[in-house]
Number of protein chains: 2
Amino acid sequence: MPKPDVDPTVSLDLRVDRSSPVPLYFQLSQQLEAAIEHGSLTPGSLLGNEIELAARLGLSRPTVRQAIQSLVDKGLLVRRRGVGTQVVHSQVKRPLELSSLYDDLEAAGQRPATKVLVNTVVPASAEVAAALAVAEGSDVHRIERLRLAHGEPMAYLINFLPPGLLDLDTNQLEATGLYRLMRSAGITLHSARQSIGARGATAAEAERLAEAEGAPLLTMQRTTFDDTGRAVEFGDHTYRPTRYSFEFQLLVRP
Amino acid sequence: MPKPDVDPTVSLDLRVDRSSPVPLYFQLSQQLEAAIEHGSLTPGSLLGNEIELAARLGLSRPTVRQAIQSLVDKGLLVRRRGVGTQVVHSQVKRPLELSSLYDDLEAAGQRPATKVLVNTVVPASAEVAAALAVAEGSDVHRIERLRLAHGEPMAYLINFLPPGLLDLDTNQLEATGLYRLMRSAGITLHSARQSIGARGATAAEAERLAEAEGAPLLTMQRTTFDDTGRAVEFGDHTYRPTRYSFEFQLLVRP
DNA sequence: GTAGTCAGATTGTCCGGACATTTGCATTGA
DNA sequence: TCAATGCAAATGTCCGGACAATCTGACTAC
């Protein structure tokens, strides 16, 4: 009986284009990722050793390793010294991204809508000043938005932004999400500190979200940083838990 | 006037021990991380080019790059082509880990306690079977624990585990957290899928957590996978939001 | 039969070099 | 004065090789 586990990459049509400006390791990692996504590389299968794979593609081993490493970082592959590289065997799909409520809803086919209720400049409170690392009392933008899906209120979003970063056009804010606006303004989002909790709705919150007073609400506070580490946004959001929950995929750092 | 921004790593006492079994790139990244943590490398400062740093330490450039890259992945450094490598300029500390409530509480100095209320084997419900990828009705472990801090109930934790993975000793469960038990049993935790929401407490939940019926509760459902992608745990947890909230640090994938 | 040993396979670490690409700044030109 | 050009500096990509560490499985010795 022949060994059933043959290197599955030999039957894969892997090719790299050396004239392309796309880095070789990236071309390879994309093709491998597509093969995993498509099912050509089944979970649990061994990838075949790096040396041979490099030889077959006409690449050096470091380049192949770089491609494989990027997929390991994404959680799609697992390497074991002395054994080989294996496709992870799970329902795992996307790692975890800086979630944008607008994008989340749109991806779920919910056709989100936004109503801008407040768009003004206010002096920073102590809390906001600390979060954005600006002087207390200095000017910051304050926007309040009601996010709806299918005409039903889903979340009430209060955000503060440092001045001069973005011009906040109300029409644009109603047409898309804040993160998308910031990205298109050339801001590179880097990380965010989030705190998720729950509490009963105050009378004002209840009315905004069409809930009863004291009804459970999901709350999130978030400070977002760009790639230089400066705070670019502070948000204080409340969600209707019957309509929304936070879905994460966490990866353990090795 | 001399240029004020001198390479700050020259004044750092960086050394590597080639006789140590610890990889050189790891020794270097640890020292750099410690310097950032300690404040010797101030936010915004440039690190000085890789070539010179490699020469000064007697290392090759790939090794230095590997050390720097690991800190970039952690979000502590930013590289800019044509510019240099810079210390990120923020309050960012730890990226984000697969959070263990027990460890979180212990780190916060809260002296957690655990009361195991149920520790038995039950047939898997449809939901549990789907989460753990076992046959519906097959045997799974079921444990229910009340987590307390300073004698006050904080969370009620229901967990399901596939059979044969771990022997669940009630005494051990009361002395430490589930994740720590799994790790010490040789299980390599890899990723987890989480869903965080909120709802009003049922009468039974209210009594367990010493809250009123209908009081807001924070809920988390989680499936944890090991490095081969197999589900090793499914949890259904409820938290008292006045006592606990989820704190995250998210990194954007470049 | 069982435990210990050894060899092969595979990934992990490290080197030294080469060229490409991007950025910032100084110089040059209109 | 201001814009375009060119140069230097830094990271990004890629190569080919070497040896170490670890896992698996087969073989050997008891």
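By convention in this document, chain letters (A, B, ...) are assigned in the order of the sequence lines, proteins followed by strands, and residues within each chain are numbered from 1.
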Atom CG of B:Asn49 and atom C1' of D:dG12 are separated, to the nearest Å, by 14 Å
Outer limits of DNA chain C sitting under 4.0 Å from a non-hydrogen atom of chain A, read 5' to 3', are C:dA9 to C:dT13
Residues at least two apart in sequence or cross-chain that pass salt bridge (Lys or Arg N to Asp or Glu O under 4.0 Å) with A:Arg80, listed by chain then number, are B:Asp227
Assert: residue with more 5' nearest nucleotide on DNA chain C, out of A:Pro21 and A:Arg79, is A:Arg79
Base, sugar-phosphate alone, or nothing: which one does B:Pro62 contact when heavy atoms must sit under 4.0 Å apart?
-> base
Residues at least two apart in sequence or cross-chain that pass side-chain contact (heavy atoms from CB on, under 4.5 Å) with A:Asn171, listed by chain then number, are A:Asp169
Whole-Å distance, A:Arg18 CZ to D:dT13 P, equals 14 Å
Residue set satisfying side-chain hydrogen bond (donor to acceptor under 3.5 Å, both in side chains) with B:Glu136, at least two apart, ordered chain then number -> none
Those residues at least two apart in sequence (or on a different chain) that pass side-chain hydrogen bond (donor to acceptor under 3.5 Å, both in side chains) with B:Arg18 are none
Which atoms of nucleotides 4-8 of chain D (N or O only) lie under 3.5 Å from a protein N or O atom, and what are those distances?
none

A:Gln66 atom CD is separated from D:dT13 atom P, nearest whole Å, by 6 Å
Taken in chain and number order and not counting sequence neighbours, the residues that satisfy side-chain contact (heavy atoms from CB on, under 4.5 Å) with B:Thr170 are B:Val116, B:Asn119, B:Glu174
Note: contacts of residues 80-87 of chain A with DNA chain C (heavy atom, under 4.0 Å) are A:Arg80, A:Arg81, A:Gly82, A:Val83, A:Gly84, A:Thr85
Taken to the nearest whole Å, CG/B:Leu24 to P/D:dC19 is 17 Å
Sorted by chain and number, sequence neighbours left out, side-chain contact (heavy atoms from CB on, under 4.5 Å) with B:Thr63 holds for B:Leu24, B:Tyr25, B:Leu59, B:Ser60
B:Thr176 meets the side-chain hydrogen bond (donor to acceptor under 3.5 Å, both in side chains) criterion, sequence neighbours left out, with none
Hits for side-chain hydrogen bond (donor to acceptor under 3.5 Å, both in side chains) against A:Ser195, two or more places apart or cross-chain, chain-then-number order -> B:Glu247
To the nearest angstrom, the CD-C1' distance between B:Glu52 and D:dT11 comes to 15 Å
Notebook entry, point to check: Tell me, do A:Val134 and A:Asp139 make a side-chain contact under 4.5 Å, heavy atoms counted?
Noted result: no
- Message: For the backbone of B:Leu161 and the side chain of B:Glu233, can you confirm whether one donor and one acceptor N or O come within less than 3.5 Å of each other?
- Response: no
note: A:Leu59, atom CG; D:dT13, atom C1'; distance rounded to Å ~ 12 Å
In whole angstroms, the gap separating P of D:dT11 from CG of B:Leu71 amounts to 14 Å
Residues passing the salt bridge (Lys or Arg N to Asp or Glu O under 4.0 Å) test with B:Glu33, sequence neighbours excluded, are B:Lys74
